[in-house]
**Student:** 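What follows is a single structure, and I will ask about it in a moment.
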Amino acid sequence: HYHPVAGLDDTNTARLIAAQGIDVLVDLQGLTNGARPGIVGMRPAPVQVSYLGLPGTCALPGVDWIIADRFVMPPELLPYMTEQPIYVPHCYQVSDRQREAAPRPTRATYGLPQDAFVFCSFNNSFKFTPAVFSAWMRILSQVPGSVLWLLADNEWAHANMLPQADAHGIARERLILAPRVQPSEYLARFQLADLMLDTFPYNAGTTASDALWMGLPIVTWSGRSYISRMAGSLLHAVGLPDLVTSSLFDYERLAVQLGLNPLRVASYKRFLAEYGRESKLFDVPGLVRDIESAFERLAMEHRTSERVGT
């Protein structure tokens, strides 16, 4: 059943949830824009779980669990999380297997040089940090003729990037902007790039999934937080753990090595083309079964404890 609650205050929304006899309540927003943490704080359901919307701990009273995998939330992170993990066997992230891409465009369509090595990052520009952007500039300086293809997110971000490129001796025309387009065109253009460079400490999530779905390998840097380990989780699940690094130095070095060795990149692309979509990363029915089994177990444990308590 679908119950719109936009017109209800937190108390009445919590009462409505409780009245439905819901065993497991999933909060998809955490502390993101439009969230209503007061609802989960009233505990309208016995089992309350955080998932997807806020990829990390939210410290909200009433949210006791979070869906995770053992890479994105390893045991050493648990002391810093207010939620307990619901571990799924492979990757925490659900993917859309119905994504349809437009026909493959040409590089000329987007102003990309035909024979250059194309690094890309279609993450939102608010994920770019000075440290990572400087690493990108050093990568370009070590891979002759390469370009960096970025999302044209806003004019102010672009204006801030250009002086940084100047400071590193990178010609401004080596930074190429991709306009926002329809989803099918957005997916298709991943095929024009050679390698995606991830952001840190806020990794790509859906964007990383889109890239891997379209056969584009990613170099990521995994840190000590859930949000900085998302792309690493995806790469492990798709079968490319060797593209996961654990420091800025290793991240930069690996990107340069790949930029100088396009045949190695081509082998990653072949692997993704042949096996990527059949990997555990895109096994949505399997993930659904794993989550359902965990939810059922938690709900039954709660009911059992209630009976014992009474």
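Throughout, numbering of the chain's residues begins at 1 and tracks the sequence.
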**Student:** Is it true that atom CZ of Arg172 has more than 12 heavy atoms of other residues, nucleotides or ligands lying nearer than 6.0 Å?
**Tutor:**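 Atom CZ in Arg172 is crowded, with more than 12 foreign heavy atoms closer than 6.0 Å.
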
**Student:** I want to check something: taking the side chain as every heavy atom from C-beta on, are Leu150 and Ser125 in contact at a cut-off of under 4.5 Å?
**Tutor:**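 No, their side chains stay 4.5 Å or more apart.
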
**Student:** When rounded to the nearest 0.5 angstrom, what distance separates NE2 in His168 from CH2 in Trp136?
**Tutor:** 12.5 Å

**Student:** Consider only side-chain N and O atoms of Thr245 and Asp250, and report whether a donor and an acceptor are under 3.5 Å apart.
**Tutor:** no

**Student:** Do Arg70 and Tyr87 meet the cation-pi criteria used here (NZ or CZ under 6.0 Å from the six-membered ring centre, within 45° of the axis)?
**Tutor:**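 So Arg70 does make the cation-pi contact.
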
**Student:** Would you please say whether a donor-acceptor pair under 3.5 Å links the side chains of Thr206 and Ser209?
**Tutor:** no

**Student:** Take Gln29 and Cys58, measure what side-chain contact (heavy atoms from CB on, under 4.5 Å) needs, and give me the verdict at the end.
**Tutor:** CA-CA 9 Å; Gln29 290 200 259; Cys58 62; over 6 Å; no

**Student:** Please answer whether the main-chain N or O of Cys91 pairs with a side-chain N or O of Ser233 as donor and acceptor at a distance below 3.5 Å.
**Tutor:** no

**Student:** Please say whether the positively charged group of Arg189, taken as NZ for Lys or CZ for Arg, lies over the ring of Phe122, i.e. under 6.0 angstrom from the six-membered ring centre and within 45 degrees of the axis.
**Tutor:**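 Satisfied, under 6.0 Å and within 45°.
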
**Student:** Do Val219 and Phe119 have side chains that get closer than 4.5 Å, going by heavy atoms?
**Tutor:** no

**Student:** Which pair of heavy atoms, one from Leu260 and one from Val143, lies closest together, and at what distance?
**Tutor:**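 The answer is CD2-CA, 4.1 Å.
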
**Student:** Arg174 side chain to Ser146 main-chain N or O, any donor-acceptor pair under 3.5 Å?
**Tutor:**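 Side chain of Arg174 to backbone of Ser146, a donor-acceptor pair under 3.5 Å: yes, one is there.
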
**Student:** I'd like to check Leu177 versus Leu175 (side-chain heavy atoms, cut-off strictly below 4.5 Å). Are they in contact?
**Tutor:**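 Counting from C-beta outward, Leu177 and Leu175 never come under 4.5 Å.
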
**Student:** With a sphere of 6.0 Å drawn around CD of Gln20, does it hold more than 12 non-hydrogen atoms of other residues, nucleotides or ligands?
**Tutor:** yes

**Student:** Is there a donor-acceptor pair under 3.5 Å between the side chain of Asp198 and the backbone N or O of Ala204?
**Tutor:** yes

**Student:** Under a 4.5 Å cut-off applied to non-hydrogen side-chain atoms, are Pro113 and Ile176 in contact?
**Tutor:**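 With C-beta onward as the side chain, the pair touches.
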
**Student:** Does one hydrophobic cluster hold both Phe271 and Met214, with members joined at side-chain heavy-atom distances below 4.5 Å?
**Tutor:** yes

**Student:** What are the two closest heavy atoms between Val49 and Val63, and how far apart are they?
**Tutor:** C-CG1, 4.2 Å

**Student:** Hey, quick one: are Trp65 and Ile39 part of the same hydrophobic cluster, counting side-chain heavy atoms closer than 4.5 Å, chains of contacts allowed?
**Tutor:** no

**Student:** Assess whether atom CD of Glu100 is packed by more than 12 heavy atoms of other residues, nucleotides or ligands within 6.0 Å.
**Tutor:**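 Count not over threshold, so no.
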
**Student:** Say you draw a straight line from CG of Leu197 to CG of Leu148; how long is it, rounded to the nearest 0.5 Å?
**Tutor:**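 With rounding to 0.5 Å, CG (Leu197) is 6.5 Å from CG (Leu148).
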
**Student:** Could you go through Leu235 and Leu212, starting from their C-alpha distance and side-chain angles, then the distance that decides it, and tell me whether this counts as side-chain contact (heavy atoms from CB on, under 4.5 Å)?
**Tutor:** CA-CA 8 Å; Leu235 284 165; Leu212 294 170; 4.0 Å; yes

**Student:** Do Asn261 and Gln257 come close enough that some side-chain heavy atom pair is under 4.5 Å?
**Tutor:**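 Of all side-chain heavy-atom pairs linking Gln257 with Asn261, none is under 4.5 Å.
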
**Student:** Just by distance, with hydrogens left out, do Gln164 and Ser134 show a side-chain donor and acceptor under 3.5 Å apart?
**Tutor:**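 Their side chains do not contain a donor-acceptor pair, so the 3.5 Å distance test is not met.
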
**Student:** Can you see which heavy atom on Pro75 is nearest to which on Pro79, and at what distance?
**Tutor:**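 Pro75 and Pro79 have their closest heavy atoms at O-CD, 3.6 Å.
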
**Student:** Please assess Asp210 against Leu187 for the test side-chain contact (heavy atoms from CB on, under 4.5 Å), listing each intermediate value before the final yes or no.
**Tutor:** CA-CA 7 Å; Asp210 290 338; Leu187 286 173; 3.8 Å; yes

**Student:** Are Val181 and Leu216 grouped together when hydrophobic residues (ILVMFWY) are joined by side-chain heavy atoms under 4.5 angstrom apart?
**Tutor:** yes

**Student:** Minimum heavy-atom separation for Ser222 and Val244, please, with both atom names.
**Tutor:**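 Heavy atoms only, the tightest pair is OG-CG1, 3.3 Å.
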
**Student:** Report the distance from atom CE of Met42 to atom CD of Gln48, rounding to the nearest 0.5 Å.
**Tutor:** 11.0 Å

**Student:** Measure from the side-chain N and O atoms of Thr82 to the backbone N and O of Ala59, and report whether any donor-acceptor pair falls under 3.5 Å.
**Tutor:** yes

**Student:** Hey, is CD on Glu76 packed in by over 12 heavy atoms from elsewhere, all under 6.0 Å?
**Tutor:**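 More than 12 heavy atoms, drawn from other residues, nucleotides or ligands, come within 6.0 Å of this atom.
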
**Student:** List the atom of Gly30, the atom of Leu60, and the distance in Å for their closest heavy-atom pair.
**Tutor:**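 Closest approach of Gly30 to Leu60: O-CD1, 3.7 Å.
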
**Student:** What distance separates Gln84 CD from Ile86 CD1, expressed to the nearest 0.5 Å?
**Tutor:**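 Reported value, rounded in 0.5 Å steps: 10.0 Å.
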
**Student:** Grouping I, L, V, M, F, W and Y whenever their side-chain heavy atoms are under 4.5 Å apart, do Tyr268 and Tyr275 come out in a common cluster?
**Tutor:**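 Linked within one cluster.
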
**Student:** In terms of relative ring orientation, are Phe190 and Tyr186 parallel, tilted or perpendicular, with 30° and 60° separating the classes?
**Tutor:**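 Rings of Phe190 and Tyr186: perpendicular, as their planes differ by over 60°.
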
**Student:** Identify the two heavy atoms, one from Ala231 and one from Thr220, that lie closest to each other, and give their separation to 0.1 Å.
**Tutor:**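 Closest approach of Ala231 to Thr220: CB-OG1, 3.5 Å.
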
**Student:** Do the side chains of Pro61 and Arg43 get nearer than 4.5 Å, heavy atoms only?
**Tutor:**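 No. Closest side-chain heavy atoms not under 4.5 Å.
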
**Student:** Any side-chain heavy-atom pair from Pro285 and Asp283 closer than 4.5 angstrom?
**Tutor:** yes

**Student:** With sequence neighbours left out, write down each residue that passes side-chain hydrogen bond (donor to acceptor under 3.5 Å, both in side chains) with Asp194, or none if nothing qualifies.
**Tutor:**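 Asp194 satisfies side-chain hydrogen bond (donor to acceptor under 3.5 Å, both in side chains) with Arg107 once adjacent residues are dropped.
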
**Student:** To the nearest 0.5 Å, tell me how far Gln191 CD sits from Lys269 NZ.
**Tutor:** 8.5 Å

**Student:** Give the other cluster members for Leu8, using side-chain heavy-atom distances under 4.5 Å between Ile, Leu, Val, Met, Phe, Trp and Tyr residues; answer none if it is isolated.
**Tutor:**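 So far as hydrophobic clustering goes, Leu8 is joined with Val5, Leu16.
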
**Student:** Given Tyr226, which of Tyr51, Phe71, Tyr92 fulfils the ring pair (Phe, Tyr, Trp, His ring centres under 6.0 Å) condition?
**Tutor:** Tyr92

**Student:** Considering residues, nucleotides and ligands other than Lys280, do more than 12 of their heavy atoms fall under 6.0 Å from its NZ?
**Tutor:** no

**Student:** Does any N or O in the side chain of Asn124 come within less than 3.5 Å of the main-chain N or O of Lys127, such that one atom is a donor and the other an acceptor?
**Tutor:**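 Absent.
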
**Student:** Output yes when a side-chain donor or acceptor of Tyr80 lies under 3.5 Å from a complementary backbone atom of Ser225, and no otherwise.
**Tutor:** no

**Student:** Has the side chain of His302 got a donor or acceptor atom that lies under 3.5 Å from a matching backbone atom of Leu298?
**Tutor:** no

**Student:** Would Arg229 and Asp69 count as a salt bridge (charged side-chain N to carboxylate O under 4.0 Å, His left out) if you check the C-alpha gap in whole Å, the side-chain angles of each, and the deciding distance to 0.1 Å?
**Tutor:** CA-CA 10 Å; Arg229 301 179 67 82; Asp69 59 63; over 6 Å; no

**Student:** Looking at Asn203 and Thr199, would you say the former's side chain and the latter's main chain have a donor-acceptor pair under 3.5 Å?
**Tutor:**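 Indeed, once roles are kept as given, a pair shorter than 3.5 Å links the two residues.
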
**Student:** Give, for atom CD1 of Ile170 and atom OG of Ser141, the distance between the pair rounded to the nearest 0.5 Å.
**Tutor:** 5.0 Å

**Student:** Got a donor-acceptor contact below 3.5 angstrom from the Arg277 side chain to the Trp213 backbone?
**Tutor:**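 Looks like yes, one N/O pair under 3.5 Å.
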
**Student:** Please examine the side chains of Thr109 and Leu192, heavy atoms only from C-beta on, and report whether any two atoms are closer than 4.5 Å.
**Tutor:** no

**Student:** Following the transitive rule for hydrophobic clusters with a side-chain heavy-atom cut-off under 4.5 Å over Ile, Leu, Val, Met, Phe, Trp and Tyr, establish whether Phe200 and Phe249 coincide in one cluster.
**Tutor:**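 No, Phe200 and Phe249 fall in different hydrophobic clusters.
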
**Student:** Begin with the C-alpha distance, continue with both residues' side-chain angles, and end with the deciding distance and a verdict on side-chain contact (heavy atoms from CB on, under 4.5 Å) for Phe295 and Asp23.
**Tutor:** CA-CA 9 Å; Phe295 283 174; Asp23 290 297; over 6 Å; no

